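Single-structure report; data block below.
Fair warning: this is a prediction, and the values are worked out from it, not measured in the lab. Convention: sequence-line order gives letters A, B, ...; per-chain numbering from 1.
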Amino acid sequence: MGRINWRKYGLLIFSLPVVVLLFCASAFSSFLAPYDPYYLDVMYMLEGPSSGHLFGTDELGRDVLSRTIYASQISIVVGLIAVAIGMTGGTVIGITAAYFGGLIDNLLMRLMDILFSFPAILLAVILMASLGTSILNAMLAIGIIFIPGFARLTRAVTQTVQRQQYLEAAICIGVSGPRLIWREILPNVFGPVVVEAAVAFSYAVLLESALSFLGLGAQPPEPSWGNMINTGRGFIEQAPWISLAPGMALFLCVFSFNILGDGLRDLLDPKLNK
Amino acid sequence: MIRLILIRLLTFVPTVIVASMVLFVAVNVVPGSASKAALGIYATPQAVKRFEHQHGLDRPLVIQYVEWAGKAVRGNFGMSFQNAVAVGPEVKKRLPVTLQLAGMAFLVAVGLAISLGALAGFYHQRLPDVCITSIATLFGSVPNFWLATLLIYLFSLHLGWLPTGGYVPYSEDLVANLRGMILPSIALGVVSSGLLIRIMRTSLIEVMSAHFIETAQSKGISNFNLVIRHALRNALIPFLTVSAVEFGFLVGGVVILEDVFRIPGIGSLVLVGIINRDYPVLLAAAMVITMIVLVTNLLVDLLATMIDPRQVRARN
């Protein structure tokens with residue numbers, strides 16, 4: 001058995017188990033959660049961690065662990081869809097800008113620059129206020145925020161590809177338009193976009209919980225890490241565990257997806273393969 | 001160089017105009033939502049019509065924007081829907097609070113980044129580097145509102161060292177003012193330091209491989225002096241530009257942390273605007289935060305041009 005190349009795979013080995021765990025937690029919540037996340041047990045309000053309730057119960061006697069597990073569903077779904085919106089929108093804009101160049105490129109990218117300079121959370125909060133608070137709108141608002149980042153990235157990669165000889169060769173044999181983009185440019189864009197998507201996902205989860213924390217995302221009683229932390233804040237003195245479990249879950253999720261992004265970058269970076 | 005500065009100044013105006021348009025559209029993206037929001041869903045059509053006419057909301061969006069922008073330039077952000085109070089003075093009153101919080105948080109972030117980043121860069125690929133790089137990723141992944149909750153639990157409730165929130169103007173009591181600002185600026189600054197530590201590290205590693213560092217080493221200079229007097233100075237220039245972008249991110253975090261710590265700044269005004277469905281207030285607060293970000297970016301670009309015109313020319 002050969003030695004594991006830690007420099008190349010180390011970060012992936014650390015992050016993948018947590019990522020898999022998260023996806024399992026959201027896919028099989030009903031099997032994994034020991035209790036119904038909505039079940040109110042007035043006999044056990046604000047109970048500390050015990051063998052019956054591993055992470056204690058909240059102010060309405062609901063099991064914190066079960067709610068934390070169910071809350072991963074919202075985070076994962078919002079993350080996936082928001083990243084998909086940002087990735088699709090950004091890739092289309094980025095490739096369009098690089099492909100046509102000139103005035104179109106200039107106009108699109110200046111607009112992206114300006115969108116990029118807004119603080120993300122501010123834009124998300126405003127969009128939520130005008131679109132209305134719902135999980136669907138949260139996905140849309142967060143997705144829009146990611147468009148400029150993906151657009152800049154794909155534009156840069158496309159411009160690099162455009163300077164390559166194989167693209168010239170493809171143009172010479174008469175490939176053009178959609179086929180050129182689909183066959184020659186998109187495969188090259190794929191790698192960097194996946195790396196960006198992992199980091200964007202962690203950021204989407206963070207933004208969703210920030211919105212829910214402020215009461216603009218998932219609405220109670222639906223459990224979300226953000227609104228659980230917010231509830232726990234009010235009972236922090238008597239019951240610190242209410243905000244501890246969802247906080248840890250959120251932190252682990254963001255942390256492991258950040259590392260996953262770094263790990264994928266190491267894997268796709270040809271300089272490290274030597 | 002003067003040409004570069006002039007170009008940068010000239011592009012600033014259209015940037016501000018487009019940014020304000022984006023905000024205006026984002027707030028008014030659903031037609032008629034402002035009046036419905038202000039009057040509630042049970043408002044009669046007549047009441048909605050009267051309200052819209054009274055506030056000029058029944059006119060085309062373009063005209064509304066031009067009128068709003070024309071007044072906003074002179075610091076007049078219109079009247080609050082909620083209590084018919086002028087929004088401008090309220091914003092002016094809250095601005096110094098937010099600037100103080102953002103400034104202090106930025107100091108925390110930059111202080112951590114320069115010290116830890118330089119240390120990691122100096123011990124490139126050795127144990128301190130590995131530890132600090134991991135810590136940087138850790139810092140960058142902590143949700144700031146959760147960190148704030150933990151800090152309040154530990155330092156305010158458990159140890160009783162610092163207040164749980166609230167704000168005392170510095171003109172009233174400087175010590176109380178600073179004590180109240182410590183936890184929010186740590187919660188805000190630590191999260192931003194994650195990225196900055198990495199940038200500082202990379203930038204120092206690059207500088208350390210330069211020839212003039214070898215020259216300095218061959219003179220027999222101590223490691224401490226080498227980093228402080230020769231390497232750090234050169235590493236700071238690329239760091240400066242990134243830290244300005246990070247400052248923008250940090251200013252956005254003010255919206256959440258001012259709410260957690262009950263600080264009456266611009267960030268909490270954004271939330272007041274949302275909760276009361278008070279669009280003039282929301283728009284004014286959002287515009288001021290955006291202006292803080294845009295002006296910082298402008299200043300740092302100008303500063304970077306003056307320090308090292310080569311870089312800016314290379315970037316454009």
Worked check of side-chain contact (heavy atoms from CB on, under 4.5 Å) between A:Thr68 and A:Val64: CA-CA 6 Å; A:Thr68 305; A:Val64 173; 3.9 Å; yes
Best-contacting candidate, B:Leu147, B:Val254, B:Leu138, against chain A by heavy atom pairs under 4.5 angstrom: B:Leu138
Sub-4.5 Å side-chain heavy-atom contact between A:Tyr203 and A:Phe146: yes
Heavy-atom contact with chain B under 4.5 Å, split by part of A:Leu216: side chain
Interchain contact, B:Val142 with chain A, by part (heavy-atom threshold 4.5 Å): both
Closest-packed option against chain A by number of heavy-atom pairs under 4.5 Å, given B:Val260, B:Asp259, B:Val251: B:Val260
Minimum side-chain heavy-atom gap A:Val205-A:Trp225 below 4.5 Å: yes
Close side-chain approach of B:Arg201 and B:Asp129, heavy atoms under 4.5 Å: yes
Structural part of A:Ser243 lying under 4.5 Å from a heavy atom of chain B: both
Under 4.5 Å from a heavy atom of chain B, the part of A:Phe255 involved: both
Check: A:Leu214 and A:Asn230 side chains under 4.5 Å, non-hydrogen atoms: no
Ring geometry between B:Tyr65 and B:Phe24 (parallel below 30°, tilted from 30 to 60°, perpendicular above 60°): perpendicular
Atom group of B:Leu271 that falls short of 4.5 Å from chain A, counting heavy atoms: side chain
Max heavy-atom pair count under 4.5 Å with chain A, selected residue of B:Ala148, B:Gly248, B:Pro143: B:Pro143
Exercise: identify the closest heavy-atom pair between B:Val16 and B:Met291: CG1-SD, 3.8 Å
Side chain, backbone, both or neither of A:Phe257 within contact of chain B (heavy atoms, under 4.5 Å): neither
Region of A:Asp262 in contact with chain B, defined by heavy-atom distances below 4.5 Å: side chain
Interface residue of largest heavy-atom contact number with chain B, from A:Ala210, A:Gly232, A:Cys253, A:Ala120, under 4.5 Å: A:Ala210
Part of A:Met248 lying under 4.5 Å from any heavy atom of chain B: both
Neighbour count above 12 (heavy atom, 6.0 Å) for B:Tyr123 OH: no
Working for side-chain contact (heavy atoms from CB on, under 4.5 Å), residues A:Phe201 and A:Ile76: CA-CA 9 Å; A:Phe201 185 91; A:Ile76 298 271; 4.2 Å; yes
Chain B contact via A:Ile114 - which portion, at a heavy-atom distance below 4.5 Å: side chain
Part of A:Leu252 lying under 4.5 Å from any heavy atom of chain B: neither
Euclidean distance, A:Asp113 CG relative to B:Asn297 CG, rounded to 0.5 Å: 10.5 Å
Partner chain A: residue of B:Ile275, B:Leu250, B:Ile256 with the largest heavy-atom pair count (under 4.5 Å): B:Ile256
Side chain, backbone, both or neither of A:Ser209 within contact of chain B (heavy atoms, under 4.5 Å): both
